[in-house]
Amino acid sequence: MIELLPLLLFIVVFIVLLAGYPVAFSLAGSALIFAAIGYFTETFDPVFLEAIPNRIQGILSNELLIAIPLFIFMGVMLEKSKIAEELLDTMGQVFGGLAGGLGLSVTLVGMLLAASTGIVGATVVTMGLLSLPTMMRRGYSAEVATGTICASGTLGQIIPPSIVLVLLGDVISSSYQQAQLDQGIFAPESITVGDLFLGALIPGFILVGLYCVYLIIIAAVAPEKVPPIPEEERKVRKELWMQVLTVLFPPILLIVLVLGSILGGIATPTEAASVGSVGAIILAWIKKTFTIQILRDVMHSTTEVTAMVFMILIGASVFSLVFRGFGGDDLVRDFLTDLPGGVFGAVLLVMIVMFLLGFFLDFIEITFVVIPIVAPILLSMDLNPIWLGIMIALNLQTSFLTPPFGFSLFYLRGVAPDTISTQQIYRGVIPFIVIQLFVIGMLAYWPSLATWLPESVYG
């Protein structure tokens, strides 16, 4: 019975989360209750709890994590200062003369917003509010419109620079070092967020490219589902190119500078994120949309999300310590190493479990709770940490799209008009789920899609 306590702890936490209690307090509270029970039954050593202050100090002194509020600030500023709205309008004009052009513009703008914001909910809601009414007014099929918005909104999981990859990079790096120490390697190698950014570029662009190919096929096979913008509503070429230069070029330049400085080793993610935040303010000022009220709103949103992330991280640290104190890591290690199919069987099971957890938990909770438990075990099986990180990101991105519980579906349902049914949203995302699974299969078969670029750049 004692050896089952870690499993019981995990189940209790899951039930408490489903009951609707805040994630951070559910993790820490359930863990501390189990620790108290373990102490009185002499099945838990309270020495593990003495590490909590050091864990919290380590979180608060981790310079890499300062990039989180800065990247959030950058994305929210681009959204609230109407830059995202202008981006969508401009891209719509560029591709508007083509059947499916509006869908292509939504996908590309979604990619840019996802890269800057990095939070699925924010991107899906923004794209839903800005583009869904326009697409429906232009005669787009409800399935194609909603599927495109949901899929492009989840690109924030994989397109750098993204806070998702920043968080994942920190956790994977710690897990990789722990795996090497467990193997007796006392001068462990490390990976950086820049490695993950580079590893995500090729799979991310393949995904965006396949989304666009799907829309082009729809335009060729059933053009009535994705009609072009009427000619009388399009801008003349000279006006359009001026709009492209003034609206599209500056945000793209900002994202390229932020990402390029990280990948080129010129700046750390934190330094690049601070430049991105200042750049977003400058863009809003140039557009004459920067006001004190907008700055207040952006800072409020940034503080809310940042506080949530760090409280979850602290709660997850408490949970992790208690889980280890009950021998949970040994239980998971024995289970995964004894599975039939060896490394393939272990990776497959972990991916399936994470996919199912993605129906109920956000990426942040899974990153802080599940990955620190399973990643050191998988990485000790000689898996490449960059490949594993990108596989996890793609897997959870697919989970957030999959009916009936996908997070992005709920976000879009919340802002979609009543004339669009939930079934239409579900049907719309199915082709994009197939594309996601195809890319995951490609990455599983050709790991070099994730590892070649980091190895080439950093040697």
Side-chain angles (χ1 to χ4, degrees), residues 1-62 65 68 167-168 170-171 174-175 178 182 303-336 349-350 352-378 392 396 399 405 407:
M1 179 61 186
I2 295 174
E3 60 270 13
L4 294 179
L5 280 174
L7 179 61
L8 185 61
L9 170 59
F10 202 89
I11 292 171
V12 168
V13 167
F14 192 64
I15 292 171
V16 172
L17 287 173
L18 289 181
Y21 289 96
V23 175
F25 304 117
S26 299
L27 291 169
S30 301
L32 291 175
I33 290 171
F34 266 75
I37 294 172
Y39 174 72
F40 287 114
T41 58
E42 297 184 351
T43 56
F44 177 81
D45 188 347
V47 169
F48 281 92
L49 297 181
E50 294 178 7
I52 291 176
N54 288 334
R55 284 286 185 97
I56 295 175
Q57 176 64 28
I59 292 167
L60 297 179
S61 61
N62 188 341
L65 297 181
I68 295 170
L167 294 171
L168 190 59
D170 184 57
V171 174
S174 300
S175 299
Q178 183 184 329
D182 291 343
T303 304
E304 271 191 344
V305 177
T306 304
M308 176 195 72
V309 170
F310 278 86
M311 282 305 299
I312 291 172
L313 182 47
I314 292 170
S317 295
V318 176
F319 172 86
S320 175
L321 283 170
V322 175
F323 187 80
R324 292 180 190 279
F326 280 116
D329 50 345
D330 294 327
L331 183 69
V332 174
R333 180 181 291 105
D334 293 342
F335 178 73
L336 289 178
L349 179 66
V350 168
I352 291 173
V353 170
M354 283 191 182
F355 180 84
L356 296 176
L357 287 175
F359 287 156
F360 309 102
L361 302 180
D362 191 65
F363 187 95
I364 297 168
E365 292 106 65
I366 295 173
T367 300
F368 292 151
V369 178
V370 182
I371 296 177
I373 295 171
V374 299
I377 301 165
L378 294 178
I392 291 171
L396 290 174
S399 177
F405 302 113
F407 272 98

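Start at 1 with the first residue, then count along the sequence.
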With side-chain contact (heavy atoms from CB on, under 4.5 Å) as the test, would you mind laying out the steps for F368 and V171 before giving the verdict? CA-CA 7 Å; F368 292 151; V171 174; 4.0 Å; yes
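- Side-chain contact check for F34 versus L8: some heavy-atom pair is nearer than 4.5 Å.
- For the residue pair V350 and V374, the shortest heavy atom distance occurs at CG1-CG2, 4.0 Å.
- Using a 4.5 Å cut-off on side-chain heavy atoms (C-beta onward), S320 and R324 make contact.
- Between P376 and I371, the closest heavy-atom pair is CD-O, 3.8 Å.
- Atom CG of L378 is separated from atom CG of L349 by 9.5 Å, given to the nearest 0.5 angstrom.
- At a threshold of 4.5 Å between non-hydrogen side-chain atoms, the residues F10 and V370 count as touching.
- I373 approaches I377 most closely through the heavy-atom pair O-CD1, 3.4 Å.
- Side-chain atoms of L396 and I392, non-hydrogen and from C-beta on, do get closer than 4.5 Å to each other.
- Atom CD1 of I56 and atom OG of S317 lie 7.5 Å apart (nearest 0.5 Å).
- A donor-acceptor pair is defined here as one N or O able to donate and one able to accept, closer than 3.5 Å; no such pair exists between the side chain of T43 and the backbone of Y39.
- For the pair L321 and L49, the minimum side-chain heavy-atom distance is 4.5 Å or more.
- For the residue pair P372 and S175, the shortest heavy atom distance occurs at CA-OG, 4.1 Å.
- Closest heavy-atom contact between S30 and V12: OG-CG1, 4.3 Å.
- Taking every heavy atom of both residues into account, P46 and F44 meet most closely at CD-O, 3.4 Å.
- The only option from I15, V16, L9 that meets the side chain to side chain contact (heavy atoms under 4.5 Å, CB included) definition with V13 turns out to be L9.
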Would you be so kind as to tabulate the donor-acceptor pairs closer than 3.5 Å made by side chains of residues 303-314, with sequence neighbours excluded?
| from | atom 1 | to | atom 2 | distance (Å) |
| --- | --- | --- | --- | --- |
| T303 | OG1 | M299 | O | 2.7 |
| E304 | OE2 | H300 | NE2 | 3.4 |
| T306 | OG1 | T302 | O | 2.7 |

